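Take a look at the structure set out below.
As the structure is a prediction and not an experimental result, all values here were calculated from the model.
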Amino acid sequence: MAIQFPLNIRFKLMAFAPRMFVTDVNGDDVCYVSQKVMRLKEDIQVFTDDTRSKEIYRIKADRIMDFSATYHFSESESRRTFGAVKSKGWRSIWRATYEVLDANENETHRIQEVNPWVKVGDALVSQIPFVNMFTGYFLHPKYAAYNSKTEQPVMQLNKEAGFFEGRYSVEKLDANLTTDEERRILLSFMLMVQFMRRRG
């Protein structure tokens, strides 16, 4: 069944164990993300919903605690790897930049911050006690996924207003995305949200 965009991503800011809820435009579950804590290597499970009765995807890092690691996406049932995402390392210090790779590790899309200055403001204000609870109401970083060949935006992640919760929305801009392309970009966005959650 096709995913009904735009999607909503939310997570509790104060939760110890990272848990992420993803719903579609109608409020129906798309997936539920659970990350194993106390692991040196990232190991993220993606379920159909928060009952955790059916795992559909697994995201695993290829190395320990490295901001230039590659994160591989696989189907839980078939164990088929269908892509990966890789941070551009030092280039991402200023403007977050990620390469989205297909099953053969060829770059198909690139994710970048639309305006890195917004991230700087968001990070600074989030360090101020009490004020940090309101950053989502006036600072809204955006991240766009671009087709690596055409340079056209195909999907966008937007930070939304939230109180005691992290909230993001995902817009699909290209109706011609294949199923594998769509889920690779969506999983990349969800991984980015996990990273941003640690920052606050």
Subject >> side chain to side chain donor-acceptor pair (under 3.5 Å) between E171 and N158, intermediate numbers included >> reply: CA-CA 8 Å; E171 298 177 70; N158 309 302; 2.7 Å; yes
**OP:** Show your working on side chain to side chain contact (heavy atoms under 4.5 Å, CB included) between R167 and I9 and close with a plain yes or no.
**Re:** CA-CA 6 Å; R167 287 184 175 270; I9 299 175; over 6 Å; no
**OP:** Run the numbers on D62 and H72 for side chain to side chain contact (heavy atoms under 4.5 Å, CB included), then give the verdict.
**Re:** CA-CA 8 Å; D62 66 344; H72 296 277; 4.2 Å; yes
Subject >> From CA spacing to verdict: salt bridge (charged side-chain N to carboxylate O under 4.0 Å, His left out), E99, R110 >> reply: CA-CA 5 Å; E99 295 176 346; R110 184 185 73 260; over 6 Å; no
**OP:** Kindly indicate, with the supporting measurements, whether the criterion side chain to side chain contact (heavy atoms under 4.5 Å, CB included) is fulfilled by K142 and L157.
**Re:** CA-CA 6 Å; K142 296 181 179 181; L157 175 72; over 6 Å; no
**OP:** List the steps, then state whether side chain to side chain contact (heavy atoms under 4.5 Å, CB included) holds for N8 with V22.
**Re:** CA-CA 6 Å; N8 294 299; V22 184; over 6 Å; no
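A salt bridge links E182 to K172: one of the charged nitrogens lies within less than 4.0 Å of a carboxylate oxygen. A salt bridge is absent between R19 and D50: the closest approach of a Lys/Arg side-chain nitrogen to an acidic carboxylate oxygen does not fall below 4.0 angstrom.
Closest approach of S53 to D49, counting heavy atoms only: OG-OD1, 4.4 Å. Closest heavy-atom contact between M192 and Y143: CE-CD2, 3.4 Å. Between Y146 and Q112, the shortest heavy-atom distance links the atoms CE1-CB, 4.3 Å. Here the closest heavy-atom approach between residue T70 and residue A84 is recorded as CG2-CB, 3.8 Å.
The CG atom of N106 lies 5.5 Å from the CG atom of N104; values are rounded to the nearest 0.5 Å. Here the CG atom belonging to L186 is positioned 6.5 Å from the CE atom belonging to M155, to the nearest 0.5 angstrom. Here the NZ-OH distance, from K86 to Y71, works out to 11.5 Å after rounding to the nearest 0.5 Å. Interatomic distance, R184 CZ to T108 OG1, rounded to the nearest 0.5 Å: 4.5 Å. Between atom SG of residue C31 and atom CG of residue L7 there is a gap of 8.5 Å, rounded to the nearest 0.5 Å. Atoms CG and CZ, on D102 and F73 in that order, are 12.0 Å from each other to the nearest 0.5 Å.
Evaluation of the salt bridge (Lys or Arg N to Asp or Glu O under 4.0 Å) test over residues 22-31, restricted to residues two or more places apart or in two chains, returns none. Pairs of residues two or more places apart, or lying in two chains, that qualify as salt bridge (Lys or Arg N to Asp or Glu O under 4.0 Å) and include a residue from residues 71-82 are E75-R80, E75-R183, R80-D180.
Counting heavy atoms from C-beta outward, M20 and Q194 have side chains that approach closer than 4.5 Å. Annotation: side chain of L187 is not in contact with side chain of V85 (no heavy-atom distance under 4.5 Å). At a threshold of 4.5 Å between non-hydrogen side-chain atoms, the residues F11 and Y168 count as touching.
Put simply, the side chain of T150 gets close to the backbone of Q152: a donor and an acceptor are under 3.5 Å apart. With hydrogens and angles disregarded, a donor-acceptor distance shorter than 3.5 Å links the side chain of S148 to the backbone of H109. With hydrogens and angles ignored, the 3.5 Å screen pairs a side-chain donor or acceptor of E181 with a backbone N or O of T178.
Taking the side chain to side chain contact (heavy atoms under 4.5 Å, CB included) definition, one finds that D174 meets it with V154, N176, L177, sequence neighbours left out. Residues satisfying the side-chain hydrogen bond (donor to acceptor under 3.5 Å, both in side chains) criterion with S76, sequence neighbours excluded, are E55. Partners of E105 under the side-chain hydrogen bond (donor to acceptor under 3.5 Å, both in side chains) rule, at least two apart in sequence or in another chain, do not exist in this structure. Considering only residues two or more places apart in sequence or on other chains, F47 meets the ring-ring contact (aromatic ring centres under 6.0 Å, His included) condition with none of them.
Two different hydrophobic clusters hold L101 and I111 under the rule that ILVMFWY side chains link at heavy-atom gaps under 4.5 Å. There is no path of hydrophobic side-chain contacts, each under 4.5 Å, that joins V30 to V25. Both I56 and V170 are members of a single hydrophobic cluster when ILVMFWY side chains are connected at heavy-atom separations under 4.5 Å.
Looking at Q45 and S34, their side chains never bring a donor and an acceptor atom within 3.5 Å of each other.
Remark: aromatic rings of F82 and Y57 are close, center separation under 6.0 Å.
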